[in-house]
There are 2 protein chains.
Amino acid sequence: MATGRTHRPATRSRGIPEATVARLPLYLRALTALSERSVPTVSSEELAAAAGVNSAKLRKDFSYLGSYGTRGVGYDVEYLVYQISRELGLTQDWPVVIVGIGNLGAALANYGGFASRGFRVAALIDADPAMAGKPVAGIPVQHTDDLEKIIKDNGVSIGVIATPAGAAQQVCDRLVAAGVTSILNFAPTVLSVPDGVDVRKVDLSIELQILAFHEQRKAGEETAAGDGALPATTRDASTDQGPDGDVPAVMPA
Amino acid sequence: MATGRTHRPATRSRGIPEATVARLPLYLRALTALSERSVPTVSSEELAAAAGVNSAKLRKDFSYLGSYGTRGVGYDVEYLVYQISRELGLTQDWPVVIVGIGNLGAALANYGGFASRGFRVAALIDADPAMAGKPVAGIPVQHTDDLEKIIKDNGVSIGVIATPAGAAQQVCDRLVAAGVTSILNFAPTVLSVPDGVDVRKVDLSIELQILAFHEQRKAGEETAAGDGALPATTRDASTDQGPDGDVPAVMPA
DNA sequence: CCATCTTTGTGCACGCGTTCACAAAGACAT
DNA sequence: ATGTCTTTGTGAACGCGTGCACAAAGATGG
C-alpha cells in the first residue's frame, strides 16, 4: 500500500531512522526463531540472511540502537531480542481495539500474531446491534455506542479499523477523540487525523494492483502494440530484469 | 509489515519509479470516486488532497505517464481513470488463487476490493482435506494436491499466500514452479523466490509493532530515566507532535 | 605476549524520491 | 488579437537510505 506523506519529511524518531524501525520487527522475528533453537550468537551475515536484508544494512541498523555486538563473534541472541523488544515497546502490554467485526475484523481478532507480541485484543466493536454480545475469538462483540467508554476503561491507545470505507473516517474521529493515538487502517480510504496521531494503512487491493503492474510488464511486452493512447509499443522484452523496488504500500499517514 | 530488499537497487520499471507505481492505485481510487460523482475535471491540488499526497508529487507522478492534463484547467477524470487503469494492467482480468483458507484466507476470499479491480478469485486452496468441497465466499475449496493443475488450468499468475508461516515457503515454491510470478504473502516469513518473481508482503503484526514504537515514544519521554525497562508510565499528552515518517512495511521481495 | 583471523561499526559516495519554485501553456474575457 | 489568470509540467536542490569497503576491536591459538 502506498500513501503519501503530506507534511513532515520523515522525521527521525529519537535518532532511529524510520526505515530502521520498520525493519526491527523483522530482525526480532528472526532472532526469536534462533532463540527458540537455543542458538547463543549470530553474525550479522547470518541474521541478515534470515531476515532477508543486506548485512551492512543490518549492522548499521543495530548501530542506531547501540553497540550490542562483539567483533569477531557476532551478536548475543537473547540480549538482542531483549534490546529490540524494549526499543519497540513490546515489553509492555498494548491493549488494542478492533472496530468493524466483519470478515476481516473477525480474522484479525483470531490472528495469533497479535497476542504473541504483547498486543492484547481488549475489545471488539461493531455497529451492528445484531453482533452485540456474540463472541468472536472468545471475545464478546460490543456496540459502537460504547466505543468511548471502552477506550477509556481499557486505556487503549491503539485502534484497528476494519470497517467498510464509508464508516472509517467517522470511526477514526471517535477513536481519536476518545484518546487513541495510533491507528491501523484496513479500510480503503485516506484517513485524516490531527497531528500527533499515527496512522498506518494496509490496503490489500493496492498490493494486488502493484503486483498487476509488474505482472503486466513481465507478460505482454509485445502485445502492447494495440490501440494507441500509450507509447508502450514495440517493447522488446530484452533484458527484463524483473522489476521490484523498495516501495511501500503501507505507510504512516 | 516490513521487509528488506537484498539485491537489486529499486529498479525503475519502464521509466516509472516504483514510488509512483505504488501511488497510482491511490489516485485511481480517488478518481473513481470523482467519476461516480460525475465530476468532469480535477486540478492536481484537489486530487492530491483527496489522495492524501502533495500536489507537486502528484503532478510529477502523472508526468511519468505522459501529459494528460490541460494547463489552466486540470485533468480529465474519465481519461485519467482509463490511463491509470491501463498502466496498472487493470483493464484485463487477473485470475488469482488464495492458498490457505483459514480465518484470513476466508476473509480475503470475501473481500470485495479484489473483484472490483479486475482481480478474480479463480480458486481457493487448502491443505485440510476436511475443507475440500466446502464453499467459502461461494467458491468451493480445493485441495493442495491439485495446486499445479489449478494454476495451469486457470492461467493464474498471481497467488496469495495466507497459510501458517511454516507452510508458506513450500506453498510458494509450488506456486512458482507451477508458473505463478507474483505473490502476495500474508504469512509472517521471509520467502525466497527466483529472480523474475515478485513478492509483496503484508504483515499485520509488524504494522502494530511499528505503531507501538511510536506510541512508546509519545508516551514516556521523561520517564525514560528509570531502570531501562520501560517508560510507559505517566502519560502526559502534552504537545505530542507524534512521529511518523514514510517508511514501508510492505515491500517487494 | 604476539600474530592472525573474524566480524563489527562506520565514513563515504551514490542514487532515488520529494519538494520548491517557476516558466510555459492554454483557457477565457474583452 | 491581446492580456490576464489559472494550472500544468519540470529543472534543480536537498535529504534520506543504501551499500561498499575498510579500519578498529576483539577472540583465539601458539
Side-chain angles (χ1 to χ4, degrees), chain A residues 2-13 15-24 27 40-49 51-76 79-80 243-248 251-253, chain B residues 2-13 15-24 27 40-49 51-76 79-80 243-248 251-253:
Chain A
T3 299
R5 161 77 305 122
T6 314
H7 23 316
R8 268 159 291 148
T11 317
R12 166 165 310 201
S13 308
I16 302 182
E18 272 296 314
T20 296
V21 172
R23 280 188 294 266
L24 290 181
Y27 301 145
T41 60
V42 270
S43 68
S44 61
E45 203 67 51
E46 294 167 324
L47 186 54
V53 303
N54 180 298
S55 71
K57 191 188 294 184
L58 178 143
R59 288 197 298 276
K60 184 152 289 187
D61 282 343
F62 286 174
S63 77
Y64 291 117
L65 307 183
S67 287
Y68 297 148
T70 306
R71 296 173 190 231
V73 177
Y75 298 90
D76 182 277
Y79 189 57
L80 209 43
D244 65 332
D246 286 60
V247 176
M251 337 184 155
Chain B
T3 301
R5 157 84 300 120
T6 314
H7 23 318
R8 268 159 294 147
T11 317
R12 166 167 309 203
S13 308
I16 302 183
E18 272 297 314
T20 295
V21 172
R23 278 187 296 266
L24 290 182
Y27 301 145
T41 61
V42 271
S43 68
S44 62
E45 203 67 51
E46 294 167 325
L47 185 54
V53 303
N54 180 299
S55 72
K57 192 187 293 185
L58 177 142
R59 287 197 301 275
K60 182 149 287 189
D61 282 343
F62 285 174
S63 77
Y64 292 117
L65 307 184
S67 288
Y68 296 147
T70 305
R71 295 170 192 235
V73 177
Y75 299 90
D76 182 276
Y79 188 58
L80 209 43
D244 65 332
D246 287 60
V247 177
M251 332 186 159

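None of these values were measured; they are calculated from a predicted model. Note on naming: letters A, B, ... go to the chains in the order of the sequence lines (proteins, then strands), and numbering restarts at 1 for each one.
For B/Arg23, a side-chain nitrogen or oxygen approaches OP1 or OP2 of C/dT18 to under 4.0 Å. Within the structure, a side-chain polar atom (N or O) of A/Asn54 is placed less than 4.0 Å from OP1 or OP2 of D/dC20. The side chain of B/Ser44 contributes an N or O atom lying less than 4.0 Å from OP1 or OP2 of D/dT8.
Rounded to an integer number of Å, the gap from A/Phe62 CZ to C/dT10 P is 14 Å. At whole-Å resolution of the value, CG in A/Leu58 and P in D/dG17 are 16 Å apart. The distance between atom CG of A/Asp61 and atom C1' of D/dC16, rounded to the nearest whole Å, is 13 Å.
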Provide a list of protein-nucleic acid N or O atom pairs under 3.5 angstrom, restricted to nucleotides 25-30 of chain C.
unit_1, atom_1, unit_2, atom_2, d
C/dA25, O4', B/Arg71, NE, 3.4

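Partners of A/Tyr75 by ring-ring contact (aromatic ring centres under 6.0 Å, His included), not counting sequence neighbours, listed by chain and number: A/Phe62. In this view, A/Ser63 and A/Lys60 satisfy the side-chain contact (heavy atoms from CB on, under 4.5 Å) rule, not counting sequence neighbours. The side-chain contact (heavy atoms from CB on, under 4.5 Å) test applied to B/Ser43 returns B/Glu45, B/Glu46, not counting sequence neighbours. With sequence neighbours excluded, no residue forms a side-chain contact (heavy atoms from CB on, under 4.5 Å) with A/Ala49.
The nearest pair of heavy atoms linking B/Ser55 to B/Ala48 is CA-CB, 3.5 Å.
Among the nucleotides C/dT10, C/dT8, C/dT18, the one closest to the side chain of A/Ser63 is C/dT10. Side-chain proximity of A/Glu18 to the nucleotides D/dG17, D/dT10, C/dG17 is greatest for D/dG17. Of the candidate nucleotides D/dC20, C/dT18, D/dT8, C/dT18 has the atom lying nearest to any side-chain atom of B/Lys57.
From A/Tyr27, atom OH reaches atom OG1 of A/Thr20 across 7.0 Å, with rounding to the nearest 0.5 Å.
When each of A/Lys60 and B/Tyr75 is assigned the nucleotide of DNA chain D bearing its nearest heavy atom, the one mapping closer to the 5' terminus is B/Tyr75.
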